[in-house]
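On a predicted model such as this, the values are computed, not experimentally measured, just so you know. All values below were derived from every heavy atom in this structure, side-chain atoms included, with hydrogens, water molecules and symmetry-related copies excluded.
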Amino acid sequence: MTITPDDAKQILNLNEGGVAVKYEYTKQLSWAQLYDLCNKYLVWYKETAYIEFNRCFSYKNRQFNMSQLINMFRGTAKKEKQGPLSDAEVDAAATAYILVVLGCIIFPNTSGNRVDANLLQLLDPLDKVAEYSWGTTTIAFLMEELRKASRLRTSQTSGNVSLFQTWIYDHYPGLELAELNPAWQRGAPRGTKYKFTKNPTRSKDEQLVNLREKLDSLKASDVCFDPYKKERAGGHIGPRSELSHYFGPLWHHTGYVMYNGSRVIRQHGA
């Protein structure tokens, strides 16, 4: 089994179809291009952008501090009530919000508080943001980070770990790794189905031993190959999209992973 675009749709409610982020994406924009984008979408002059690019480190770096972005643009709704904001001010607040979403949900890194400034090009133009295939992008980036995490002495991993956790909970219910959220309703994103509070007092070693024992005793009958079957049959969610038949690469902003859709289809009995 593997994480599929359908999983991203059901767990995170992100688009599984749309424009791939690889198109016209430059891994590292020039400083002049970044300054222009900052001026266009954040209404920052070059001097302000220069300060922000030096905030994360003691040297100039193409990253934004997400805490600073939040502090600079928080309270936009309150400001709007006090007096109408200009289109530029609204766009700046929206840009900062989306950058934080990209840094926290789509492309989170191990820093926990920085987002790649090169991602600004995905917001240009701002009204096209919803057209990207964010679900497949999230999966591709997560799978790439999980590949890195398998290396010896790796202690941290990036990517949307919540997607990975919920996928495990759905497909391996017998492991009993999480408690159900009683407020969850069928049809709602499955990322809200579980409470992440199980075994808070156990040491890491005890958790690993316990998990290893459960994995060793797993049988095929303990695995749920299609956790969305009942919801689809009951009409709570839509049918599987045509993307499930796709066979090839899934792109993220710095690369791609290979995706074998036909293998997944066979597991679903199609």
Nearest 0.5 Å, what's the [atom1]-[atom2] distance between [X] and [Y]?
X: N54; Y: N65; atom1: CG; atom2: CG; value: 12.5 Å
X: L29; Y: L120; atom1: CG; atom2: CG; value: 8.0 Å
X: T138; Y: N160; atom1: OG1; atom2: CG; value: 6.0 Å
X: I106; Y: I139; atom1: CD1; atom2: CD1; value: 10.5 Å
X: H171; Y: D226; atom1: NE2; atom2: CG; value: 7.5 Å
X: E145; Y: T157; atom1: CD; atom2: OG1; value: 6.0 Å

Counting the benzene-type ring for Trp, do F64 and F53 have ring centres under 6.0 Å apart?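 Centroid distance F64-F53: below 6.0 Å, so yes.
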Please check if the distance between the ring centroids of Y169 and W184 is under 6.0 Å.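 No.
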Heavy-atom side-chain proximity of [X] to [Y] below 4.5 angstrom:
X: Y172; Y: L177; result: no
X: K193; Y: D170; result: yes
X: E144; Y: S158; result: no
X: F107; Y: D116; result: no
X: T48; Y: Y35; result: no
X: L123; Y: L99; result: yes
X: I3; Y: M143; result: yes
X: Q185; Y: H236; result: no

For atom [atom1] of [X], decide whether the heavy atoms of other residues, nucleotides or ligands shown that lie under 6.0 angstrom number more than 12.
X: Y97; atom1: OH; answer: no
X: D216; atom1: CG; answer: yes
X: K79; atom1: NZ; answer: yes
X: K60; atom1: NZ; answer: yes

Results of side chain to side chain contact (heavy atoms under 4.5 Å, CB included) for Y256 - residues two or more places apart only: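 P249, W251, M258.
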Quick one: do [X] and [Y] end up in the same hydrophobic cluster if we chain Ile, Leu, Val, Met, Phe, Trp and Tyr together by side-chain heavy atoms under 4.5 Å apart?
X: L146; Y: I11; value: yes
X: I237; Y: F225; value: yes
X: L12; Y: I168; value: yes

Given Y41, which of D36, D91, D124 fulfils the side chain to side chain donor-acceptor pair (under 3.5 Å) condition? D124
So, applying side chain to side chain donor-acceptor pair (under 3.5 Å) with Q10, which one of D6, D7, N13 is it? D6
Taking all atoms of both residues into account, what is the closest heavy-atom pair of M66 and R114, and its distance?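 Closest approach of M66 to R114, heavy atoms only: CE-N, 3.6 Å.
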Quick check: closest heavy atoms across A92 and L42, and the distance to 0.1 Å?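 For A92 versus L42, the nearest heavy atoms are O-CD2, 3.8 Å.
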Ignoring hydrogens and geometry, is there a side-chain-to-backbone donor-acceptor pair from [X] to [Y] under 3.5 Å?
X: K195; Y: E179; result: no
X: S111; Y: N113; result: yes
X: S30; Y: Q33; result: yes

In this structure, which one of K9, R240, R186 forms a salt bridge (Lys or Arg N to Asp or Glu O under 4.0 Å) with E231?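 The passing option is R186.
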In terms of relative ring orientation, are F141 and H253 parallel, tilted or perpendicular, with 30° and 60° separating the classes? tilted
Over 60° means perpendicular and under 30° means parallel, so tell me whether W134 and Y132 are parallel, tilted or perpendicular. tilted
Stepwise side chain to side chain contact (heavy atoms under 4.5 Å, CB included) check, E52 with R55: CA-CA 5 Å; E52 295 305 318; R55 189 178 295 278; 3.0 Å; yes
